[in-house]
Amino acid sequence: MNVKEIIARRVAKELNDGDIVNLGIGLPTLVANYVPKNINVYFQSENGFINLGPKPNDDEIDLDLTNAGGQPVTILPGGAFFDSSISFSIIRGGHVDLTVLGSLEVDEKGNIANWIIPGKMVPGMGGAMDLLVGAKKVIVAMSHTNKGKPKILKECTLPLTAKGEVDMIFTEMGVIEVTKEGLKLVEINPMYTIEEVQNATDAALIIPENLKLMEV
Amino acid sequence: MNVKEIIARRVAKELNDGDIVNLGIGLPTLVANYVPKNINVYFQSENGFINLGPKPNDDEIDLDLTNAGGQPVTILPGGAFFDSSISFSIIRGGHVDLTVLGSLEVDEKGNIANWIIPGKMVPGMGGAMDLLVGAKKVIVAMSHTNKGKPKILKECTLPLTAKGEVDMIFTEMGVIEVTKEGLKLVEINPMYTIEEVQNATDAALIIPENLKLMEV
Amino acid sequence: MNKFIDVELFKSHCRDGMSIMVGGFMAVGTAEILIDALVETNVKDLTIICNDAGFEDKGVGKLICNNQVKVLISSHIGLNPIAGKMMSEGKMEVTLTPQGTLIEQIRAGGAGLGGVLTRTGLGTMVEENKQKVIVDEKEYLLEKPLKADMAIIRGSRVDKYGNVFYNATTQNFNPMMAMAANKVYAWTEELVEEIHPNHVMTPHIFVNYIVRESW
Amino acid sequence: MNKFIDVELFKSHCRDGMSIMVGGFMAVGTAEILIDALVETNVKDLTIICNDAGFEDKGVGKLICNNQVKVLISSHIGLNPIAGKMMSEGKMEVTLTPQGTLIEQIRAGGAGLGGVLTRTGLGTMVEENKQKVIVDEKEYLLEKPLKADMAIIRGSRVDKYGNVFYNATTQNFNPMMAMAANKVYAWTEELVEEIHPNHVMTPHIFVNYIVRESW
């Protein structure tokens, strides 16, 4: 199992029956592959529909039906299309229970930076700022480091996407909760020691007595 | 021809091809009966559709299809239904070319009072305040006096529905334009003298050299 | 997730002091059966948000005439004389709001906006005690978002997932109210298997319960 | 009112310096034929308002790559590398706006609102030089309405009156842009006699011209 799979599998366990969920592009998209069989969750695609389904077979592609990345997808039974004003009313009005986003940096205040590297990469924020502010729960799903360099920081160095909106961070090393006291490691991947996780993290981690093992 | 007919017929001449029009309840509704044959105008019903048509025959009544007064009506070919947020975006966004409303009082500043008589009548403003502020052109269509008492005043005495939004006033006595200089009588019903019109009006009327006869 | 409940269960959800948004325009598009059920519960001190006061025997008018409404937020009460009487006698508090402002306030509540900036109501009683905001040298009234504990909506068709389709002018306030209330109860005459995703007017995620007279 | 024009007539309406709203999301729901026509006119100094920068060979990306765009107002430009290059070289001014804010700004333009009060963007670069408004002790950014000289929309079906129906995810920004621009040009693959009034997504009153390749 690779890093992305470990993370996506673990994040999927956070889903509750009936949840309305928005998954960011990249790693977060994989979460849809691991939804527990006994629950129904509804994926929203911010370009305008609910009940996002898997990719179509080549002979079933409908060019009018794409996800927020512009890729052909399907709509599951019971779905509905709407315009962008409704789509973002869903997002900003607090109707999304959970959003899962990738990130470049997250810090101990729950700040997140994932939309721009000045002078280098300027993709734009798309719907990320809206999702971060509007979703009831914000999960960051990402590799713990970038080529060995910590991505979980005391303070973000890149321009923020949102201030204090991140609730939890899931990486291949463990699960971290953003609390008022700081970042709390609540689960650890048994392949790593606490010391290794802390060394890969710029911010100080709070280690609770009941630190659990991350199911991988 | 009664007073209402005179007024409605004259107002109908203000309609231009392609106009989007909202008619208030009562006298203004009659304007729809006199639309010039050679033009198309589109009546909006603020409860949620465009291309408002005439009342249906008894055997054609659809209880799901009513006007802003809750009365059964029809929709003409090419019409469209929408929710109240779109309906009032049409009104407030400046997409209504012309609204025709009745009134209790209008004054020389273009102020209008037609939604409440404190202690007596409190129907509420419905969509009138939105129409007055949002429509490109506001026409008041009403009897010139109320039981002999002027309704066109120096200054409204009742609580305002909108400030300075009225463009023209049509009564059985004539047609009045609201100008920066004051109220200008631009047409007079040949059945009345200028003196009679002025006597029935509280505000001073500007009488232009080219005062026209109102077609009745 | 089974969203189906009967009228009796709906009644058990109704509480004194609740705020309730009721879709409909002069009772067209109002779920009368749910209003009747609310009358039967006799819950009191309700805050009702509805375009109008209905009629004495139709729409929210029935709640008003049964003395269940403490506060009414509405654009028009003229067709229900009892409402006007109760207002002037101080038995019911009425906030009269321009219709366009009212629908935008409800939309803002559902869409997470901080308020509505509008020119409607400037220079009138409507602006009293309200904040004003200047944008590019033009003045606007700031009208606050509206939310509610419950919304009662009426679908011409509802599918088993809770998707709603509204026919003709029954749409009016229903779709925006469905987005602005904590719990949304949809009543329908016609329950269907599935509404085509292109024709859904209120997506299922906004509908908590589908109420039928009995199951 | 005859709304039908061909592409040549459309081209004659295009001018240097115009502001143009273009519907579509990653070019899905974009009227490509009208973009091609705009490229052919070679009009310059355009202000383009679009969800994204499209691709180099798709959507508004074609206008950007042809050096016709002076200002781009958009939520995302990542899939068109030329756009990023032109931005960093100062050849094109780009205003990056959160997608939800962008659609609300367009809606506010069309609906006559003074602006949008949103928490999106607070504490980020997005809030720079913008007015903030406090409502009930909570802070909101004031984002201004957007309007344009022209909107280019794509209907899956358009009827002879100009009513528009959008299929699946082609809807996106199209309906709100149709309300916020001075002149609206609708292109469609399928011209029909009449769309049922319950299924119209953009009412005919917002559509000034129906453009087809030829008549």
Side-chain angles (χ1 to χ4, degrees), chain A residues 25 45-49 52 62-75 79-94 109-113 115-116 118-134 156 158-165, chain D residues 23-29 51-55 58-59 72 74-80 83-85 87-88 94-104 106-107 110-111 116 118-127 154 156 166-177 179 201-202:
Chain A
I25 293 174
S45 190
E46 68 260 34
N47 56 322
F49 71 112
L52 173 61
D62 175 356
L63 294 177
D64 283 355
L65 175 44
T66 61
N67 64 14
Q71 302 305 310
V73 287
T74 53
I75 183 168
F81 296 113
F82 31 74
D83 74 24
S84 297
S85 76
I86 298 289
S87 197
F88 280 86
S89 294
I90 291 172
I91 291 169
R92 293 148 64 114
K109 296 258 182 343
N111 298 326
I112 174 167
W115 75 281
I116 190 170
K120 269 194 188 166
M121 185 199 75
V122 192
M125 66 293 279
M129 287 192 180
D130 304 294
L131 279 162
L132 285 161
V133 171
C156 287
L158 293 169
L160 297 186
T161 316
K163 209 173 155 180
E165 297 288 353
Chain D
F25 191 111
M26 303 294 174
V28 177
N51 173 62
D52 52 78
F55 303 87
K58 244 179 165 182
L72 176 69
S74 191
S75 79
H76 198 273
I77 64 169
L79 298 182
N80 183 348
K85 197 164 166 284
M87 179 186 178
S88 45
V94 179
T95 303
L96 286 167
T97 304
Q99 207 170 110
T101 296
L102 186 60
I103 187 69
E104 282 293 327
I106 294 165
R107 183 181 182 275
V116 180
T118 180
R119 293 184 61 77
T120 298
L122 280 176
T124 77
M125 277 165 57
V126 168
E127 74 167 39
R154 173 185 177 271
S156 303
Y166 308 97
N167 182 46
T169 58
T170 65
Q171 202 176 160
N172 54 67
F173 279 67
N174 282 297
M176 291 301 144
M177 287 178 166
M179 298 172 70
M201 294 173 177
T202 291

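Atom set for the values below is all heavy atoms of this structure, side chains included, hydrogens, waters and symmetry mates excluded. So that the names make sense, note that chain A is the first sequence line, chain B the second, and so on, each numbered from 1.
- Ranked by heavy-atom pairs under 4.5 Å with chain A, the list D/Ala168, D/Pro175, D/Ala27 is led by D/Ala168.
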Apply side-chain contact (heavy atoms from CB on, under 4.5 Å) to residues A/Val122 and D/Val94 and explain how you reach the verdict. CA-CA 10 Å; A/Val122 192; D/Val94 179; over 6 Å; no

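- Taking chain A as the reference chain and counting heavy-atom pairs below 4.5 Å, the highest number among D/Thr97, D/Asn80, D/Leu102, D/Leu122 is found for D/Thr97.
- Residue with the most contacts toward chain D among A/Val133, A/Asp83, A/Asn67, A/Ile86: A/Asp83 (heavy-atom pairs, distance under 4.5 Å).
- Of the atoms belonging to D/Leu96, heavy atoms from both backbone and side chain fall under 4.5 Å from chain A.
- Here A/Ser87 contributes atom OG and D/Phe25 contributes atom CZ; the two are 8.0 Å apart, rounded to the nearest 0.5 Å.
- Every residue two or more places apart in sequence or in another chain was checked for a salt bridge (Lys or Arg N to Asp or Glu O under 4.0 Å) with A/Asp62, and none qualifies.
- Interface residue A/Glu46: backbone and side-chain heavy atoms are both found under 4.5 Å from chain D.
- In this structure, no portion of D/Ile106 lies under 4.5 Å from any heavy atom of chain A.
- Remark: D/Val126 engages A/Met125, A/Met129, D/Pro98, D/Thr124, D/Lys130, D/Leu141, D/Glu143 in a side-chain contact (heavy atoms from CB on, under 4.5 Å) (not counting sequence neighbours).
- Distance check: A/Leu63 CG to D/Thr169 OG1 gives 10.0 Å after rounding to the nearest 0.5 Å.
- Both the backbone and the side chain of D/Thr170 have a heavy atom closer than 4.5 Å to some heavy atom of chain A.
- Both the backbone and the side chain of D/Phe173 come within contact range of chain A, each with at least one heavy atom under 4.5 Å from a heavy atom of that chain.
- Looking at D/Met87, only its side chain comes within 4.5 Å of chain A, counting heavy atoms on both sides.
- Listed here is the closest heavy atom pair of D/Gly123 and A/Leu160: O-CD1, 3.7 Å.
- Contact detail for A/Arg92 and D/Val116: the closest heavy-atom pair is NH2-CG1, 4.1 Å.
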Would you please test A/Trp115 and D/Met125 for side-chain contact (heavy atoms from CB on, under 4.5 Å) and show each step? CA-CA 11 Å; A/Trp115 75 281; D/Met125 277 165 57; 4.0 Å; yes

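- With a 4.5 angstrom heavy-atom cutoff, A/Ser45 does not touch chain D via any of its atoms.
- The distance from the CG atom of D/Asn167 to the CZ atom of A/Phe81 is 6.5 Å, given to the nearest 0.5 Å.
- Of all the heavy atoms in D/Met176 and A/Ser85, the pair that sits closest is CE-OG, 3.4 Å.
- Heavy atoms closer than 4.5 Å to chain D are found in both the backbone and the side chain of A/Ala68.
- In terms of heavy-atom pairs under 4.5 Å with chain D, the best-connected choice from A/Gly79, A/Gly126, A/Gly69 is A/Gly126.
- Residue D/Gln99 is tested with A/Asp130, A/Ile91, A/Asn47 for a side-chain contact (heavy atoms from CB on, under 4.5 Å); the sole match is A/Asp130.
- Annotation for A/Gly124 and D/His76: closest pair O-CD2, 3.8 Å, computed over non-hydrogen atoms.
- Of all heavy-atom pairs between D/Ser156 and A/Asp64, the closest is OG-OD2, 4.2 Å.
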